[in-house]
Amino acid sequence: MARLIFLGPPGAGKGTQAVVVATQLQLAHISTGDLLRAAVAQQSALGLEAQGYMSRGELVPDSLVLGLVRDRLQQPDTANGWILDGFPRNRSQAESLNALLAEIGQRIEQAVNLDVPDEVIVERMLARGRADDNESVIRRRLEVYREQTAPLIDFFRDRQQLLEIDGNAAVELVTERLVNALQVAAV
Ligand code: AP5
């Protein structure tokens, strides 16, 4: 059973790696970015509220995101474990997640931090061209990452749950590093 957090700056490859690792290990892939984009596409009340924050590169309010994660973690496909991709994103989300997991009798096994230099990240995101992948929004997402999300690296390191992976390599090589590190950590 694996219950994993994928951390890392925007564009580090969290989503790309989470899809592959979730398939290999038969885990549910839970991306808060994907859940929010789906809500925006449906124009649900939550999507309409989230939209402005996302288009500016700001974090969506914790209460909205936590509700999505709470619902998603109750779904049957999570029974064999899960990867949370892009959540938690700040200290308050990390603490709320721990409280939620305690409530449902689960715990995080590992948090994986994908490390990729800024210039590579910007290049990757500009090449992708998602709605929030323009230069000024990318810059803001990186600032928000540094201010609010990067401190979680120490949060998980202090709990002996952190695996650090060099994500600046071909997709397949990063997957290999990740799967090897997870196997070593599970021994
Ligand atoms: P979210 O969707 O989580 O975006 P992000 O963290 O900014 O991450 P990205 O999806 O841009 O990057 P990634 O690390 O997943 O990389 P990917 O694999 O896609 O969040 C978007 C917004 O939603 C936030 O700004 C916020 O507003 C809101 N939000 C989401 N979660 C939230 C939360 N918990 N709380 C509050 N708000 C929240 O790869 C990027 C590109 O690089 C792709 O084109 C990919 O093909 C390519 N690539 C990947 N790996 C490699 C490689 N090894 N070599 C070359 N290219 C690669």
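Both counts, for ligands and for their atoms, begin at 1 and track the order of listing.
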Visitor: Ligand 1 versus E58, non-hydrogen atoms closer than 4.0 Å: side chain, backbone, both, neither?
Guide: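 Within the 4.0 Å criterion, E58 contacts ligand 1 through backbone atoms alone.
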Visitor: Quick one: does Q161's side chain have a donor or acceptor within less than 3.5 Å of a partner on Q110's backbone?
Guide: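 It does not hold such a pair.
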Visitor: Which atoms of ligand 1 have any heavy atom of P10 under 4.0 Å away?
Guide: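 Per the distance check, 5 (P), 6 (O), 7 (O), 8 (O), 12 (O).
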Visitor: Quick one: does P9 get a heavy atom under 4.0 Å from ligand 1?
Guide: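 Right, P9 reaches ligand 1.
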Visitor: What atoms in ligand 1 come closer than 4.0 Å to a heavy atom of Q93?
Guide: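 Going through ligand 1 atom by atom, the ones under 4.0 Å from Q93 are 33 (C), 34 (N), 35 (N), 36 (C).
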Visitor: Just need the protein heavy atom nearest to atom 54 (N) of ligand 1, so name the residue and atom and give the distance.
Guide: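 Answer for atom 54 (N) of ligand 1: R124 NH2, 3.4 Å.
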Visitor: For ligand 1, is there an atom lying under 4.0 Å from some heavy atom of A18?
Guide: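 Under 4.0 Å: no for A18.
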Visitor: Of the side chain and backbone of L36, name the one, both, or neither that has a heavy atom under 4.0 Å from an atom of ligand 1.
Guide: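 Side chain only.
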Visitor: Counting only N and O atoms by type, is there a donor-acceptor contact under 3.5 Å from the side chain of R141 to the main-chain atoms of D132?
Guide: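 Side chain of R141 to backbone of D132: a pair is present.
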Visitor: Please list, in number order, the atoms of ligand 1 under 4.0 Å from a heavy atom of R37.
Guide: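 Checking each atom against R37, I get 2 (O), 21 (C).
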Visitor: Taking 4.0 Å as the limit for heavy-atom contacts, which would you say applies to S31 with ligand 1: side chain only, backbone only, both, or neither?
Guide: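 For S31, no heavy atom sits under 4.0 Å from ligand 1.
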Visitor: Taking D85 first and then K14, would you say they form a salt bridge - that is, a charged N and a carboxylate O separated by under 4.0 Å?
Guide: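 No, this pair does not count.
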